[in-house]
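Let me begin by presenting the structure, written as structure tokens, before commenting on it.
A, B, ... follow the sequence lines: proteins, then strands. Residue 1 opens every chain.
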2 protein chains.
Amino acid sequence: MTGEEPLDGVDARLLLALADEPRAPVMALAQRLGLSRNTVQARLAKLDRRGVLHSFERRIDPAALGYPMSAVITTRVTQRRLEEVADVLREIPEVVEVDGLSGETDVLVRVVAVDADDLYRIAGQVLASPGVERTSTALVMQKLVGHRLAPLLRRAAGESPEGE
Amino acid sequence: MTGEEPLDGVDARLLLALADEPRAPVMALAQRLGLSRNTVQARLAKLDRRGVLHSFERRIDPAALGYPMSAVITTRVTQRRLEEVADVLREIPEVVEVDGLSGETDVLVRVVAVDADDLYRIAGQVLASPGVERTSTALVMQKLVGHRLAPLLRRAAGESPEGE
DNA sequence: CATCCACTGAGCAATATGCCCAGTCAAACC
DNA sequence: GGTTTGACTGGGCATATTGCTCAGTGGATG
């Protein structure tokens, strides 16, 4: 038991197929991959049992939801209060993602907003959070590359990731 | 024709239901929302016709794919070469997302890596891209809040977003 | 009052699902 | 060598789901 087996090429191909047709029935996927229905079903089940799949929310476009504005707020947090700050940020609905970064005690906060005023308000909330020392807000002007994993999936699908 | 209608409460509830059970059959969703099967089918179809849904790739966990390391590379780009830089970055498989930010000509690059050496190599590639002046790499140490939209969806589901 | 739109409820043929089982095959194990 | 394990196949079967169409209802619009 290694505790965590990497996905193999078949899994990668399955994920690629799903990327193409997310709501495709299992049968369709099976045909596409040249596998039996049973196998695909088993793989699929294993995939989300293993937690390979994130929440569906990731697929939803905030812009379509009415929040066309997106920004990245870099914040400096007083030491040891990271969890505390995270808890506070979690309470702000417009906070979409929070990462703890390496340098010192930096936190990267992704927020969405309805408009500039809204963003100003939210940035204010973030700054006002106890434990937050300094913030720097940068607007996302354009998505140059939308979140993607296909290149890595294709790599994984191409060769067997076996040790030898 | 306004050209872009915001989602209404029903859409939001549908998305929430999907967030809970991504592969739920339409029938199950219909029952859950207290709507007819026909309606849910129509809504669903409309949702992705409108582009409300991002690619399925967003749901895949890079860590499970064999890239447990994640980093944010902030780069400074020489003016007017944004698109050019984006094109180059797009060629690097480990580059997962690229945003053009407001301040000056800053670009936020999200990368994943197999390990520290791998990250070093990738960061080097980014820096070596023509048009990139300066980079600063920060490791993602912990996901404090994973990408989420549920709070905003719940808000949208709660009240009618009608003007009056 | 006529029209448009979203939703409902129903029907129907074709397909998919969930589940179970037996058999194959290769790699790992004793 | 002999065996066990794990993954995949192919089959079957009852039930649920899909895709599609049609008719009818109720509200909102002009």
> OP1 or OP2 of dT9(D) sitting under 4.0 Å from any side-chain N/O of S36(A)?
Replying inline: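 True: S36(A) side-chain N/O within range (under 4.0 Å) of dT9(D) OP1/OP2.
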In whole angstrom, what separates [X]'s [atom1] from [N]'s [atom2]?
X: R13(A); N: dC8(D); atom1: CZ; atom2: P; answer: 11 Å
X: D11(B); N: dA6(C); atom1: CG; atom2: C1'; answer: 12 Å
X: D8(A); N: dA7(D); atom1: CG; atom2: C1'; answer: 10 Å
X: L29(B); N: dT8(C); atom1: CG; atom2: P; answer: 14 Å

Begin from the C-alpha positions of V96(B) and V109(B) and carry the test side-chain contact (heavy atoms from CB on, under 4.5 Å) through to its verdict.
CA-CA 8 Å; V96(B) 155; V109(B) 185; over 6 Å; no
Each nucleotide N or O in nucleotides 26-29 of chain D that has a protein N or O under 3.5 Å away: list the pair and distance.
none

- Can you list every pair that meets salt bridge (charged side-chain N to carboxylate O under 4.0 Å, His left out) and has a residue in residues 55-77 of chain A, with sequence neighbours left out?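 Qualifying pairs: R76(A)-D106(A).
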Would you call [X]-[Y] a salt bridge at under 4.0 Å N-O?
X: K46(A); Y: D11(A); answer: no
X: R32(A); Y: D20(A); answer: yes
X: R13(A); Y: D8(A); answer: no
X: R90(B); Y: E83(B); answer: no

| request: Taking all non-hydrogen atoms of both residues into account, name the closest pair between R37(B) and V26(B) and its distance. | output: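 For R37(B) and V26(B), the tightest heavy-atom pair comes out as O-CG1, 4.1 Å.
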| query | So which heavy atom on S70(B) is nearest to which on L139(B), and how close? | reply |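 Nearest pair, atom of S70(B) first, then L139(B): O-CD2, 3.4 Å.
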Checklist entry - By the rule that ILVMFWY residues connect when side-chain heavy atoms come within less than 4.5 angstrom, directly or transitively, which residues belong alongside M27(B)? => result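 Result for M27(B) is none, singleton.
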In the hydrophobic cluster built from side-chain contacts under 4.5 Å, what are the other members alongside Y120(A)?
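None; Y120(A) is a cluster of one.
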Describe, as an angle rounded to 10 degrees, how the axis at the first end of the helix from dC1(C)-dG30(D) to dC21(C)-dG10(D) is tilted relative to the axis at the last end, five pairs per end.
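Computed angle between terminal axes is 40°.
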Grab the N/O contacts between the protein and nucleotides 12-18 of chain C below 3.5 Å, and write none if there aren't any.
unit_1  : atom_1 : unit_2 : atom_2 : d
dT17(C) : OP1    : V26(A) : N      : 2.9
dT17(C) : OP2    : M27(A) : N      : 3.3
dG18(C) : OP2    : Q41(A) : NE2    : 3.3
dG18(C) : N7     : R37(A) : NH1    : 3.2
dG18(C) : O6     : R37(A) : NH2    : 2.9

task: Check R110(B), H147(B), Q142(B) against D99(A) for a side-chain hydrogen bond (donor to acceptor under 3.5 Å, both in side chains) and give me the one that passes.
output: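 Going through R110(B), H147(B), Q142(B) one by one, the side-chain hydrogen bond (donor to acceptor under 3.5 Å, both in side chains) with D99(A) is satisfied by R110(B) alone.
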Quiz item: N38(A) side-chain donor-acceptor pair to dG11(D) base, under 3.5 Å
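A donor-acceptor contact between them is present.
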